[in-house]
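Single-structure report; data block below.
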Amino acid sequence: AEDTGLRVELAEEDDGKKSSIALRLWVEDPKKLKGKYKDNGVIEFSLDLINENPEDVAQEMIDSGFFHESDAKLLGKSIRDRVSLIKWKREKQCPVLV
Amino acid sequence: GTTTQVVHSAGRRFIVSPVPEARLKEP
């Protein structure tokens, strides 16, 4: 995935069955962000892989004051990339479930 | 700081904790 300056990782083991999964996100390179960034640390959250859009979660983070509006795309992309990877891994492991 | 903060937004819960040093040094 493209280096967005943001890192998104699994915050729990993926059993491949749950639709909602815990993720954690943090800023590795604040210089890549357009908006002013206040060091918040690691943000842990859960996301429904099937029913939720990564972009919506990104917007909620902005609304909560973690990031600036101008980084919405970057944030959404970072989460989406990780979600795609999780889905791809699930598909590889158990194509029937996905 | 070492505190963990919980922020609620539109039914979602964000748990915020400090970034461990080791994470920042990861390649």
Side-chain angles (χ1 to χ4, degrees), chain A residues 1-12 18-33 37-69 71-72 75-76 78-80 82-83, chain B:
Chain A
E2 190 192 318
D3 182 14
T4 56
L6 295 162
R7 277 284 284 265
V8 186
E9 281 189 355
L10 280 170
E12 64 178 345
K18 279 185 288 186
S19 69
S20 181
I21 196 138
L23 297 170
R24 57 170 80 99
L25 176 148
W26 72 95
V27 177
E28 264 192 334
D29 189 359
K31 288 193 287 289
K32 296 233 161 123
L33 298 176
Y37 169 71
K38 177 177 83 170
D39 188 12
N40 288 303
V42 182
I43 305 167
E44 205 176 303
F45 58 98
S46 60
L47 174 78
D48 191 311
L49 296 172
I50 298 155
N51 302 310
E52 285 183 317
N53 282 324
E55 284 76 12
D56 293 341
V57 185
Q59 191 56 50
E60 283 175 29
M61 286 186 185
I62 289 161
D63 294 344
S64 300
F66 296 127
F67 295 94
H68 191 263
E69 187 72 55
D71 290 311
L75 200 53
S78 308
I79 302 170
R80 183 168 286 282
R82 175 57 61 183
V83 166
Chain B
T2 52
T3 46
T4 298
Q5 193 193 342
V6 182
V7 178
H8 292 267
S9 164
R12 193 186 313 275
R13 200 169 56 145
F14 293 115
I15 304 162
V16 189
S17 32
V19 186
E21 281 288 300
R23 283 193 180 280
L24 292 173
K25 285 172 192 160
E26 263 178 37

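Values reported hereafter were calculated over all heavy atoms of this structure, with side chains retained and with hydrogens, waters and symmetry mates removed. Numbered from 1 within each chain, the chains take letters A, B, ... in sequence-line order.
In this structure, chain B has a heavy atom under 4.5 Å from the side chain of A/E52, while its backbone stays farther away.
Once rounded to the nearest 0.5 Å, the distance linking OG of A/S64 with NE2 of B/H8 reads 10.5 Å. Interatomic distance, B/S17 OG to A/W26 CH2, rounded to the nearest 0.5 Å: 11.0 Å.
When A/D63, A/I43, A/D56, A/D29 are compared by the number of non-hydrogen pairs under 4.5 Å with chain B, A/I43 comes out ahead. Taking A/A11, A/S46, A/G65 one by one and counting their heavy-atom pairs under 4.5 Å with chain B, the maximum is reached by A/S46.
Looking only at side-chain heavy atoms (C-beta outward), B/F14 and A/M61 come within less than 4.5 Å of each other.
Across B/R12 and A/L47, no two heavy atoms sit closer than the pair NH1-CA, 4.1 Å.
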